[in-house]
Peer 1: 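Attaching a single structure in structure tokens format; questions to follow.
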Amino acid sequence: MARITAGVGSSHVPLLGVAADTGKDADSYFGPIFEGYEWTRAWEREEKPDVVILVYNDHASAFDMKIIPTFAIGCGERYMPADEGWGPRAVPPVLGHPDLAWHIAQSLILDEFDMTIINEMEVDHGLTVPLTMMFGKPEAWPAKVIPLAVNVVTYPPPSGNRCWALGEAIARAVASFPEDLNVQIWGTGGMSHQLQSPRAGLINREWDNRFIDSLIGEGQEARQISHIEYLRETGTEGIEMVMWLVMRGALGARTRALHRHYHVPCSNTAIGHLVLLPDNGEQPGTDDDRALATT
Ligand code: DHB
Ligand code: FE
């Protein structure tokens, strides 16, 4: 049986892809950002997920105003990095897992989530930057990836509650796939950021950290955060954080944090990162029983 073994939250700031691709990831500006992901890169080498369900948003690379799917799932064999204006990133192609993806699509749609199915598309920084942060610079990405795109670019995005419920439905879908697969779910985007207009550069450290706190343990209050609260408190692009709620919803009633990282500045934004396990009440003393490493 396939199992969701962990959840990862991460910002996806495009400048981090540029920094990694041009060898600036250890300099004085980017060093502290990338260092906060070192723990996770080592952990991922041990965990060896077979598949990552990568919840992200497209930034007018695959979709534009002609078509705006609220929730879309990639069922294709492979996805090439998009050209976002400075040429496609020189990172490996992203290989899909069509069998699991079609299974999830069927399960979600029969579970009354009306997914858009994508067989061909290019993927932008929203998807490739988290791969770089978690896996570094391998010749080939070490896991298959199922892109799960959420519209957070054009109003109206889905509610946080709907995103959480989608995560719960994804967990049901994965648990009904007969093959033994180690599946992770990543929620990307955020933290607080506003890229244009008079409040450009807005960062709300306190709110961001409260949001991260709220995903650990059994609280579900983050489901009820309104669009207007994201906008007021975290800027126009802070709404990307609803994608972390898909990840959180997929982890079940209770979670436990293995690692977190928060840093300002990164480009115009704050970056945040969190590694969560579903907490099924196992006794301490297992391999997973590591102290929460915070940077
Ligand atoms: C930037 C763009 C993003 O899509 C994002 O989520 C964060 C930052 C940027 O251009 O700085
Ligand atoms: Fe973004």
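Just follow the structure's listing: the first ligand is 1, and inside any ligand the first atom is 1.
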Peer 1: Go through Ser176 and His103 one step at a time and tell me if the side chain to side chain donor-acceptor pair (under 3.5 Å) criterion holds.
Peer 2: CA-CA 9 Å; Ser176 63; His103 170 85; 3.0 Å; yes
Peer 1: I need the contact residues for ligand 1: any residue with a non-hydrogen atom closer than 4.0 Å to the ligand, ordered by chain then number.
Peer 2: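 Contacts of ligand 1 under 4.0 Å: His12, Val13, Pro14, His59, His125, His193, Leu195, Glu240, Ser267, Asn268, Thr269.
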Peer 1: Rounded to the nearest 10 degrees, what's the angle NE2 of His12 makes with OE2 of Glu240 at the Fe ion (ligand 2)? Could you check?
Peer 2: 100°
Peer 1: Using a strict cut-off of less than 4.0 Å between a Lys/Arg side-chain nitrogen and an Asp/Glu carboxylate oxygen, indicate whether Asp99 and Lys144 qualify as a salt bridge.
Peer 2: no
Peer 1: Should the pair Arg162 and Phe113 be classed as cation-pi, given the thresholds of under 6.0 Å to the six-membered ring centre and 45° from the axis?
Peer 2: yes
Peer 1: Are Glu168 and Arg223 close enough, and set up right, to give a salt bridge (charged side-chain N to carboxylate O under 4.0 Å, His left out), and what steps lead you there?
Peer 2: CA-CA 12 Å; Glu168 292 171 330; Arg223 296 177 86 130; 3.3 Å; yes
Peer 1: Between the side chains of Thr5 and Glu47, is a donor N or O closer than 3.5 angstrom to an acceptor N or O?
Peer 2: no
Peer 1: Let me know which of Tyr37, Trp186, Trp244 forms a side-chain hydrogen bond (donor to acceptor under 3.5 Å, both in side chains) with Ser10.
Peer 2: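 Considering Tyr37, Trp186, Trp244, a side-chain hydrogen bond (donor to acceptor under 3.5 Å, both in side chains) with Ser10 is found only for Tyr37.
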Peer 1: Where is the tightest heavy-atom contact between Asn204 and Ser192, given as atom of each residue plus distance?
Peer 2: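 Closest heavy-atom pair between Asn204 and Ser192: N-OG, 2.9 Å.
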Peer 1: Confirm or rule out an N/O/S atom of His59, from backbone or side chain, lying less than 2.8 Å from the Fe ion (ligand 2).
Peer 2: yes
